[in-house]
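In what follows, every chain begins at residue 1, and chains take the letters A, B, ... in the order their sequences are listed.
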Amino acid sequence: MKMKKQNVRTLSLILCMFSYLLVGAAVFDALESETESARKRMLEQKRSDMKRKYRFTEHDYREIERVVLQAEPHRAGRQWKFAGSFYFAITVITTIGYGHAAPGTDAGKVFCMFYAGLGIPLTLVMFQSLGERMNTFVRYLLSRVKKCLGLHRTEISMENMVLVGFLSCLGTLCVGAAAFSHFEGWTFFHAYYYCFITLTTIGFGDFVALQKKEDLQEKTPYVVFSFMYILVGLTVIGAFLNLVVLRFLTMNSEDEKRDAQERASLKRGRNLTALSLGQENHCHSNLFLPIEEGTSCTNLILSPAEERGLYSPLPLPLNASQSRPQLSSLCSCVCYHLGLCHCSAPSPNKCPECNINSVYCNSVSYKIQGCSSNRNDTVVSSPGSTLSPGLSLRDLPRFRRKSL
Amino acid sequence: MKRQNIRTLVLIICTFTYLLVGAAVFDALESKMEITQKKVLDDRKRELMDKYNLSKVNFDELERVVLQLKPHKAGVQWRFAGSFYFAITVITTIGYGHAAPSTDGGKVFCMFYALLGIPLTLVMFQSLGERINTFVKYLLHRLKKCLGLRNTEVSMANMVCIGLISCMSTLCVGAAAFSRYEDWSFFHAYYYCFITLTTIGFGDYVALQKDNALQTNPQYVAFSFMYILTGLTVIGAFLNLVVLRFMTMNAEDERRDAEQRTLLSRNRQTGGTGTNHCMSDPPSSSTAGHGGGSGKGLCNVYAEVLHFQSMCSCLWYKSQEKMHYSIPMIISHDLSNSDTCMEHSETSDALHSNGCVCSASSVYTGLLSPAHYQRLSKRRSSI
């Protein structure tokens with residue numbers, strides 16, 4: 001049995017991710033293990049030297065260790081005054097989560113969980129919304145630039161947008177790296193690493209801005225800059241994700257939707273054939289309308305070639321056979337309502353509740369009549385009628401037209 | 001102002017307000033405890049310094065050593081199991097920081113690793129989450145059938161309810177497990193699971209850091225990894241159900257605006273005469289005016305049809321939502337069409353009862369002006 005596309009896709013993604021994890025683990029092991037063991041040895045050596053030097057008892061040393069570890073967040077100054085709390089709130093709702101400060105009280109932990117529960121979706125939607133606006137604006141700017149430059153084609157392709165997006169991300173990271181390396185005294189590379197880890201919301205906490213003594217409370221402009229940098233940087237990254245990744249997040253849903261449509265249209269197609277044989281007041285013909293090539297399989301309208309194929313014994317292109325049942329079912333949707341309106345009166349004016357519907361159907365079909373060049377006189381779709389697949393328009397009784 | 005711009009501005013204001021409120025509350029909750037804790041620790045530190053006659057410089061050195069030893073205390077962090085744990089925290093963006101690359105090479109690789117891994121993981125979790133939602137919908141539908149309920153459709157409310165319950169139980173299961181293995185209280189373990197599965201990952205509580213568990217307790221290690229990945233899937237499924245549609249709202253609105261602009265510009269191009277020509281000349285004249293007439297007519301028809309298509313899809317999706325299990329993505333499209341549709345609902349009660357509310361209202365308001373409508377009715381009599 002052939003597996004659904006969505007299932008195949010999901011399984012391959014799972015496999016990809018696991019392999020990616022395995023490869024990553026192996027590489028990190030290779031890169032860091034040796035350094036780790038060397039450092040560990042050195043630090044333990046230092047520790048035993050110190051213990052010997054100061055003659056700590058084991059109990060006391062453990063006490064010192066505890067005190068030092070617990071005092072770690074305090075080294076950076078007050079973490080929970082307003083500026084620090086704001087910083088913490090940012091790290092919660094953006095899911096960066098440095099951990100440089102974490103709620104110590106149980107009440108703080110509880111509030112943190114509720115705060116995150118509402119804040120994270122809000123922030124996700126906000127960044128995507130703003131990112132989309134930015135992308136649209138950039139697209140507009142680019143097309144103006146292209147026009148000004150007098151280029152031949154002023155359309156913005158996806159590649160243009162991806163390139164611009166990528167460059168903005170790099171630019172943002174570099175600007176941040178320059179700023180933080182200056183203010184925090186880090187090397188450019190470490191500052192870049194910090195910006196990257198922050199803006200991807202990983203947030204290790206090995207490098208954290210605003211942790212030099214009392215920066216949070218004293219250097220207000222720098223504090224404001226840091227906050228704005230994080231939020232703006234996340235917007236830029238969010239815009240890039242919106243451009244490139246978001247479509248993939250909805251792929252399965254879109255496929256599922258399309259499958260459901262196909263299933264239902266097939267069912268309707270079958271129902272239509274059954275119903276069309278009996279009932280007069282119901283509309284039966286497809287609305288065959290000439291337009292440009294349809295590309296998606298949800299395109300309702302057949303191209304002229306496909307239309308002709310329906311009247312002649314030419315083999316139909318695949319699109320037509322796919323779209324025909326959809327078309328009939330979709331249009332029958334509208335037209336069944338005409339019938340259900342019990343609008344057997346000749347003029348729509350006498351049927352108030354059907355008024356708009358008939359007018360609509362009429363207007364569409366009139367446009368069809370006027371514009372369908374490859375039709376002769378007889379082949380005029382009666383207003384709003386739908387054909388079951390198989391019947392041609394020719395077979396429609398003439399009287400329909402008069403009745404409306 | 002465009003709807004998308006308003007929406008975006010409102011969201012920005014909401015987020016900033018949310019941050020301010022959060023900051024104020026955290027300040028109120030934590031500041032006092034922070035001050036008292038700092039005082040206690042300072043006192044203890046001074047005691048120890050006095051006891052051992054340590055100068056400040058000495059103590060700073062000691063402090064440095066202790067802090068640097070912290071990750072090593074928890075065991076070997078970069079052997080394969082530890083690296084795997086680290087890789088998980090990178091690509092899921094949890095990022096505890098319990099271990100972070102110390103070599104520059106490690107940092108560089110970490111950045112590239114995250115660059116490719118994070119989108120891959122996002123797409124994977126959403127994909128798997130959507131599959132889970134579909135499966136749950138199916139199960140629920142079968143369950144409703146078995147129970148002999150009259151209405152066997154699975155509504156959005158059902159799904160959200162189930163989603164919430166699964167999230168809560170995932171957190172509770174994890175809390176129970178980790179409180180046992182890590183010797184935390186249930187509350188602290190629950191807090192750990194929550195912070196982990198929302199990918200915040202403070203690092204104040206980290207699993208697998210006691211007694212060198214990473215190297216000595218492989219079953220527990222495997223359980224932890226599977227728990228994190230499965231838990232993230234459950235949360236991802238819930239996000240896919242509830243939040244994802246809002247992330248595409250602006251794009252959907254933008255697309256619809258573009259469609260409308262195209263329709264309007266085409267309508268203007270063909271002009272009133274074009275449509276008149278279209279309608280007044282029945283097929284007999286078509287051969288003569290084939291090129292021009294059908295060309296203009298084509299545009300007009302396309303415009304009508306496009307709107308018809310969108311209207312029909314409104315109807316279609318509305319009926320489909322009842323038949324098959326709701327299709328979330330079309331929501332903004334759906335809603336905006338039904339906005340125009342709702343205007344007409346009072347006049348078309350017969351239609352409304354069928355669940356297909358849109359009649360011609362979207363086409364009507366979009367394309368046909370009342371004057372146009374007059375022409376139409378005149379036309380009709382001519383034929």
Side-chain angles (χ1 to χ4, degrees), chain A residues 10 13 17 21 24-25 28-29 31-33 35-36 40 43 46 54 65 67-68 71 74 80 85-86 89 95 97 99 102 105 108-109 113 121 125-126 128-129 132-133 193 196 201-206 245 248-249 252-253 257 260 289 291 330 333 353 356-357 360 363 366-367 370-371 373, chain B residues 8 11 15 19 22-23 26-27 29-31 33-34 38 41 44 52 63 66 69 72 78 80 83-84 87 93 95 97 100 103 106-107 111 119 123-124 126-127 130-131 191 194 199-204 243 246-247 250 278-279 286 290 294 297 301-302 305 312 315 324 327 329 350 359-360:
Chain A
T10 306
L13 281 170
M17 204 198 72
L21 281 173
F28 278 120
D29 187 343
L31 288 171
E32 294 280 328
S33 258
T35 317
E36 182 190 23
K40 185 171 180 180
L43 286 167
K46 244 194 184 167
Y54 299 113
E65 215 174 34
V67 168
V68 165
H74 300 277
W80 293 104
S85 287
F86 197 89
T95 77
T105 59
K109 289 181 166 88
M113 290 194 273
V125 174
M126 194 276 281
Q128 285 305 303
S129 190
E132 187 277 338
R133 291 284 83 201
Y193 170 76
F196 185 95
T201 78
I202 298 177
F204 285 132
D206 49 352
V245 180
F248 296 108
L249 301 186
N252 266 12
S253 306
K257 204 192 310 172
L289 304 162
I291 63 155
L330 272 149
C333 170
E353 62 260 38
I356 303 300
N357 240 358
Y360 166 72
S363 70
Y366 282 124
K367 301 229 189 289
C371 307
S373 50
Chain B
T8 306
L11 283 170
T15 308
L19 281 172
F26 278 121
D27 188 342
L29 288 173
E30 294 282 326
S31 261
M33 155 105 170
E34 180 185 27
K38 187 167 187 345
L41 288 169
R44 195 77 191 92
Y52 287 97
E63 199 174 41
V66 168
L69 264 174
H72 300 277
W78 291 105
F80 191 79
S83 287
F84 198 89
T93 77
T103 62
K107 289 182 166 84
M111 290 194 273
V123 175
M124 195 280 282
Q126 286 304 303
S127 189
E130 188 277 339
R131 291 284 84 202
Y191 170 75
F194 185 94
T199 76
I200 299 177
F202 286 133
D204 49 352
V243 180
F246 296 109
M247 307 212 288
N250 267 10
C278 231
M279 290 187 296
S286 54
H290 171 38
S294 74
V301 171
Y302 178 65
V305 157
C312 259
L315 300 172
H324 297 271
I327 300 154
M329 289 325 300
S359 48

Who pairs with Lys38(B) by salt bridge (charged side-chain N to carboxylate O under 4.0 Å, His left out), at least two apart in sequence or on another chain?
Asp42(B)
One option among Ala89(A), Gly24(A), Gly203(A) has the most heavy-atom pairs under 4.5 Å with chain B, and it is Gly24(A)
Contact between Thr105(A) and Glu30(B) at the side-chain level, heavy atoms closer than 4.5 Å - yes or no?
yes
What pair of heavy atoms forms the shortest contact from Gly108(A) to Leu29(B), and how long is it?
CA-CD1, 3.9 Å
Of Thr95(A), Thr201(A), Leu31(A), the largest count of non-hydrogen pairs under 4.5 angstrom with chain B goes to Thr95(A)
Working to the nearest 0.5 Å, report the span between CH2 of Trp78(B) and NZ of Lys40(A).
14.5 Å
Which answer fits Met111(B), side chain, backbone, both or neither, if we ask what part of it has an atom under 4.5 Å from a heavy atom of chain A?
both
How many angstroms lie between NZ in Lys46(A) and CG in Leu69(B), if you round to the nearest 0.5 Å?
10.0 Å
Top contributor to chain B contacts, counting heavy-atom pairs under 4.5 Å, from Glu36(A), Met17(A), Met126(A):
Glu36(A)
If one checks every heavy atom of Phe194(B) against chain A at 4.5 Å, the contacting part turns out to be side chain
Atom pair CG (Asp206(A)) and NZ (Lys107(B)), whose distance is rounded to the nearest 0.5 Å
6.5 Å
Using heavy-atom distances under 4.5 Å, tell me whether Glu32(A) contacts chain B through its side chain, its backbone, both, or neither.
both
Option in Ser33(A), Gly97(A), Gly99(A) with maximal non-hydrogen atom pairs under 4.5 Å from chain B:
Gly97(A)
List in chain and number order the residues that pass side chain to side chain donor-acceptor pair (under 3.5 Å) with Ser85(A), two or more places apart in sequence or in another chain; answer none if no residue qualifies.
none
Quick check for you: among Val125(A), Val67(A), Leu43(A), which has the greatest number of heavy-atom pairs under 4.5 Å with chain B?
Leu43(A)
Roughly how far, to the nearest 0.5 Å, is CE of Met33(B) from CH2 of Trp80(A)?
10.5 Å
Given side chains that start at C-beta, do those of His74(A) and Glu34(B) come closer than 4.5 Å, heavy atoms only?
yes
From the list Leu11(B), Val243(B), Ile200(B), the residue making the most non-hydrogen contacts under 4.5 Å with chain A is Ile200(B)
